Amino acid sequence: MNNFLAFRHIPSPGWSMRWTWAKKEVIWNMVGGQATEQGDCSKFKGNIPHSCKKNPTVVDLLPGTPYNQQVANCCKGGVLTTLVQDPTKAAASFQVSVGRAGTTNRTVKLPKNFTLKAPGPGYTCGPAKIVRPTKFITPDKRRVTVALMTWKVVCTYSQFLVRKTPTCCVTLSSFHNNTVVPCPTCSCGCQRNSSRSRRCVNPGTPHLASNVTSSGTNNLSPLVQCTKHMCPTQVHWHVMRNSKKYWRVKVTVTNFSYRMNYSDWNLLVQHHNFNNRTQVFGFNYKLLALDAYTNDIAMLWGIKSRHNDILNQAGPKGNVQAELLFRKDKATFTFDKGWAFPRRIYFNGDICVMPPPDAYPF
């Protein structure tokens with residue numbers, strides 16, 4: 001499994017893959033992954049298959065799995081990074097020994113109804129399609145073997161399949177204006193409805209920790225700090241100072257979720273001046289040339305050695321910060337009409353709600 005999305009990763013607790021066998025196949029054994037259920041194997045005597053389910057669900061193995069149960073690119077707990085952040089960790093693999101499937105490319109039938117959860121909904125998978133057989137090269141690179149049969153399944157992502165409301169919003173401020181432009185009210189939902197359904201908690205609530213852990217058994221269900229915007233994450237863009245040749249920005253990402261630590265998070269920012277970016281202090285940075293004419297989109301993410309690659313849950317440590325130093329282009333630079341502020345921001349691949357243009361600091 002390859003993650004070809006440049007800025008959407010698969011976080012913990014990781015991916016799970018499901019399909020339906022075309023005939024009466026069973027899984028005798030697996031390495032690099034495991035089926036979550038064995039199913040009804042009562043027809044077998046002696047050797048019992050790993051799974052007899054008609055529609056098995058497969059998950060990745062955890063780090064530290066014994067070597068005799070591993071294959072290359074396995075055992076990361078189902079976590080896949082983006083291609084930009086770390087291409088070496090953007091793939092996963094497992095091997096399945098299948099019984100009752102046939103032994104030729106005429107008798108083997110393609111599985112159907114592939115689904116991918118990463119870790120929740122969002123991906124829609126197409127049908128399996130036969131492609132050119134995979135070639136395998138021996139470690140000494142002196143011999144090549146060919147697979148009996150190879151098929152490929154493509155899964156696409158939609159944010160609206162996951163949730164109908166956004167998950168992120170943006171606030172703006174600048175040294176030349178005392179106003180902090182807040183996130184639009186109800187950007188990700190309204191507090192009145194969330195308080196009734198116990199999806200938000202006030203920071204001053206007595207015994208806050210017990211309320212957070214007892215509000216639900218599913219850690220993926222949202223529980224955020226009660227705010228006017230009700231977003232799990234907030235990005236603040238502050239224009240710090242302006243000098244003759246440079247201008248400086250401070251970016252702060254704050255987590256308002258009490259149940260979610262964002263590991264390997266990333267931020268995608270579109271701004272006209274990224275082609276004249278000079279230096280980034282505190283985050284990793286890469287300019288994304290999406291086509292020959294677009295060079296104003298940059299990706300930012302945390303640095304492990306600075307311990308800001310994990311955005312901790314809501315609280316005193318629930319934020320990460322960095323500073324961006326831009327070189328001025330006299331032909332384009334201006335503080336008028338909101339030019340110093342980003343056009344769009346995405347957090348972990350999800351678009352953030354921006355303030356209305358007429359509210360920008362002037």
Side-chain angles (χ1 to χ4, degrees), residues 1-4 9-81 88-139 145-155:
M1 176 163 47
N2 293 283
N3 181 17
F4 290 118
H9 68 297
I10 297 179
S12 177
W15 56 264
S16 63
M17 185 188 300
R18 189 176 186 178
W19 64 82
T20 301
W21 292 116
K23 301 189 292 184
K24 296 182 179 181
E25 294 90 339
V26 296
I27 298 176
W28 279 113
N29 58 69
M30 293 185 64
V31 289
Q34 64 180 0
T36 58
E37 295 182 58
Q38 186 181 43
D40 183 8
C41 296
S42 58
K43 294 182 180 180
F44 293 87
K45 308 299 180 184
N47 293 333
I48 305 298
H50 176 79
S51 176
C52 301
K53 291 278 290 185
K54 177 73 173 178
N55 50 353
T57 298
V58 173
V59 296
D60 194 11
L61 297 180
L62 298 175
T65 297
Y67 288 110
N68 62 349
Q69 299 176 27
Q70 294 188 23
V71 293
N73 291 321
C74 86
C75 311
K76 298 189 282 282
V79 175
L80 296 184
T81 65
T88 64
K89 296 180 181 179
S93 62
F94 55 87
Q95 291 182 7
V96 189
S97 297
V98 185
R100 293 181 168 183
T103 55
T104 70
N105 55 10
R106 290 186 178 182
T107 56
V108 172
K109 301 298 181 182
L110 275 62
K112 301 176 292 184
N113 302 330
F114 279 85
T115 60
L116 175 66
K117 292 188 176 181
Y123 284 89
T124 302
C125 299
K129 294 184 178 180
I130 297 176
V131 295
R132 183 177 298 177
T134 305
K135 292 184 178 181
F136 302 95
I137 303 175
T138 57
T145 57
V146 181
L148 175 73
M149 193 176 181
T150 299
W151 57 77
K152 181 171 68 174
V153 178
V154 176
C155 302

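These numbers were taken from a predicted model, which means no experiment stands behind them.
For W151, the ring pair (Phe, Tyr, Trp, His ring centres under 6.0 Å) test picks out no residue, with sequence neighbours left out. For K43, the side-chain contact (heavy atoms from CB on, under 4.5 Å) criterion is met by no residue, not counting sequence neighbours.
When all heavy atoms are compared, the tightest approach of N68 to V31 is O-CG1, 4.0 Å. When all heavy atoms of S51 and A35 are compared, the pair lying nearest together is CB-CB, 3.8 Å. Counting all heavy atoms, side chain and backbone alike, W28 lies closest to N47 at CZ3-O, 3.6 Å. Shown here for L116 and W15, the closest heavy-atom pair between the two residues is CD1-CB, 4.0 Å. Between T65 and L62 the shortest heavy-atom distance is OG1-O, 2.6 Å.
Enclosure of atom NZ in K23 by more than 12 non-hydrogen atoms of other residues, nucleotides or ligands within 6.0 angstrom is indicated. The number of heavy-atom neighbours closer than 6.0 Å to CD1 of I137, taken from other residues, nucleotides and ligands shown, is 12 or below. For K24, the NZ atom sits in a loose shell: 12 or fewer heavy atoms of surrounding residues, nucleotides or ligands are nearer than 6.0 Å.
Atoms CG and OG1, from L148 and T104 in turn, are 7.0 Å apart once rounded to the nearest 0.5 Å. For the atom pair NE2 (H9) and NZ (K89), the distance works out to 12.5 Å, reported to the nearest 0.5 Å. From Q34, atom CD reaches atom CD1 of I27 across 11.0 Å, with rounding to the nearest 0.5 Å.
Under a 3.5 Å cut-off, the side chain of D60 and the backbone N or O of G33 do not form any donor-acceptor pair. The backbone N or O of N55 lies less than 3.5 Å from no partner atom in the side chain of T20, so there is not a single donor-acceptor pair. Without hydrogens or angle criteria, S93 side chain to A72 main chain gives a donor-acceptor distance under 3.5 Å. Formation of a donor-acceptor pair under 3.5 Å by the N3 side chain with backbone atoms of T81 is found in this model. In this structure, N2 contributes its side chain and F4 its backbone to no donor-acceptor pair below 3.5 Å. The closest donor-acceptor contact from the side chain of K76 to the backbone of A91 lies under 3.5 Å. Remark: the backbone N or O of A101 is not paired with any side-chain donor or acceptor of K109 at under 3.5 angstrom.
Residues S16 and T36 form no side-chain contact, since every pair of their non-hydrogen atoms from C-beta on lies 4.5 Å or further apart. At least one side-chain heavy atom of Q38 sits less than 4.5 Å from a side-chain heavy atom of I48. Put simply, the side chain of P11 reaches to within 4.5 Å of the side chain of P119, judged on heavy atoms. The side-chain heavy atoms of F94 and M17, taken from C-beta on, include a pair separated by under 4.5 Å. When side chains are defined from C-beta on, C52 does not count as touching D40, because their heavy atoms never get closer than 4.5 Å. Annotation: side chain of Q70 is not in contact with side chain of L61 (no heavy-atom distance under 4.5 Å).
At a cut-off of 3.5 Å, with distance as the only test, a side-chain donor of T134 or T150 sits close to an acceptor on the other residue.
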Next item on the list: In sequence, state the C-alpha distance, the side-chain angles, and the governing distance for V96 and H50, and then conclude on side chain to side chain contact (heavy atoms under 4.5 Å, CB included).
Entry: CA-CA 10 Å; V96 189; H50 176 79; over 6 Å; no
Notebook entry, point to check: Should M30 and V58 be marked as a side chain to side chain contact (heavy atoms under 4.5 Å, CB included) after you check the CA-CA gap, both sets of side-chain angles, and the distance that decides it?
Noted result: CA-CA 10 Å; M30 293 185 64; V58 173; 3.6 Å; yes
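The list of disulfide (SG to SG under 2.5 Å) pairs with a residue in residues 96-137, not counting sequence neighbours, reads C125-C155.
The aromatic rings of W19 and F114 sit tilted, their planes meeting at an angle between 30° and 60°.
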